[in-house]
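First comes the structure, then the notes that go with it.
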Amino acid sequence: MALSEKVKRFVEEGGWIRRMFEAGITLKQQYGEDKVFDLSLGNPVVEPPPQFKEELRRLAQSPAKGMHRYMPNAGYAETREAVAAGIRAETGIPFTRGDIVMTAGAAAGLNVTLKTILDPGDEVIFFAPYFVEYTYYTDNQGGVPIVAPTGEGFQPDLGALEGLITPRTRALLINSPNNPSGAVYSAETLGALGTLLRRKSQEQGREIFLISDEPYRRIIYDGLTYPQVFPHYEASIVVHSHAKDLALPGERIGYMAVNPAYEARAELVDGLTFCNRILGIVNAPALMQHVVRALQGISVDVAEYQRKRDFMHGRLTELGYSCFKPQGAFYLFPAAPGGDDLAFVDELQRYNVLTVPGRGFGSEGYFRISYCVEDRVLEGSLDGFREAARGLRL
Ligand SMILES: Cc1ncc(COP(=O)(O)O)c(C=O)c1O
């Protein structure tokens with residue numbers, strides 16, 4: 001047997017997105033590419049903003065000597081400074097490059113953060129529905145995942161959260177805009193989370209960190225201003241990625257930003273830098289660090305995503321689906337008609353429409369649609385949604 005018992009179990013439990021992806025390949029071979037409507041992957045079809053290619057061309061034409069060498073593990077000073085300047089402008093908080101560690105996307109940032117702060121058996125709480133990898137990242141770094149419920153509009157249930165905090169709680173991991181629900185946490189919610197975590201940390205005599213996973217921070221709709229976590233809680237770490245805002249998921253570039261108001265900030269940043277190295281990431285990709293230095297504050301066209309959200313949310317609602325209207329990210333998370341998410345996702349698959357069951361995100365009874373795809377895929381999926389719903393007499 002090649003796999004450990006644990007990994008075998010993880011592969012079996014956690015492979016929903018991959019399973020749908022594989023089903024898509026089979027269906028495409030069987031029926032043809034244009035007859036299959038794959039809404040299962042969060043892999044944006046939009047191209048990076050034009051400035052990305054301009055910067056890449058400029059660097060290729062006039063390369064700086066040594067630009068592909070090893071560097072300090074936290075990243076280039078100039079890139080960290082550019083990121084700090086961007087966050088200063090966004091938050092009004094005096095970030096410096098000493099608060100920033102560049103890393104290989106949000107996935108690496110989260111693993112590095114957890115590695116840095118967890119002792120074996122420490123608990124990490126996150127709200128369902130959640131990005132499924134959180135469970136594995138927590139386990140990777142010796143932690144124990146604890147799932148908390150959300151309430152109305154997929155907002156955190158603070159009463160339930162308080163009941164789940166124990167002396168072993170080391171971090172609360174939040175994700176807003178949320179994958180898969182599209183919910184954005186309000187400043188009031190963040191304020192209440194901060195107050196609760198501060199009180200519990202004091203009671204326990206040890207910090208409970210707030211880790212905010214923000215790959216979708218710039219993909220928000222209806223003119224909303226993004227509510228920042230930093231003003232609400234000192235021991236906070238933001239993990240960001242340019243996978244979605246610059247449409248660079250394959251390039252593996254992002255950063256961790258530590259709240260300047262956190263008193264042990266320098267020690268924490270040293271720990272993050274060390275763990276970035278020993279987890280084998282070593283440093284964020286050099287070329288991408290050179291490129292994104294010039295692109296802080298630039299994003300893909302969010303209006304495009306908002307148009308797709310309005311289209312899909314509008315059509316599904318007309319068909320009788322019950323679906324929260326997302327405030328950000330590029331997913332819809334409707335209730336599964338009939339209540340059984342697995343059965344409904346299978347039913348949709350009969351019409352060549354691929355989605356992911358909510359149990360893959362810790363929330364049975366829902367399913368996820370990823371609408372960061374071409375319009376023809378969204379339009380083509382509607383017949384399947386109509387037929388599947390009719391089968392259940394919506
Ligand atoms: C909520 C969330 N966190 C983290 C990640 C990982 O992002 P990255 O590709 O930057 O590692 C994703 C990717 O889809 C995500 O949706």
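All ligand and atom numbering here is 1-based and tracks the order in the structure. The first residue in the sequence is number 1, and the count goes up from there.
In the model, T150 has no side-chain atom that pairs as donor or acceptor with a side-chain atom of Y130 under 3.5 Å.
Heavy-atom minimum distance, I281 versus A104: CG2-CB, 4.0 Å.
Cluster partners of L224 are V184, I220, Y226, counting Ile, Leu, Val, Met, Phe, Trp and Tyr whose side-chain heavy atoms approach within less than 4.5 Å, directly or via other members.
Ring-centre distance between Y371 and Y331: not below the 6.0 Å cut-off.
Residues lining ligand 1 at a heavy-atom distance below 4.0 Å are given as G105, A106, A107, F131, Y134, N175, N179, D213, P215, Y216, S241, A243, K244, R252, ordered by chain and residue number.
Classification of R293 and E55 as a salt-bridged pair fails, no side-chain N sitting under 4.0 Å from a carboxylate O.
Checked options F333, F385, Y366; the residue passing with Y321 is F385 (criterion: ring-ring contact (aromatic ring centres under 6.0 Å, His included)).
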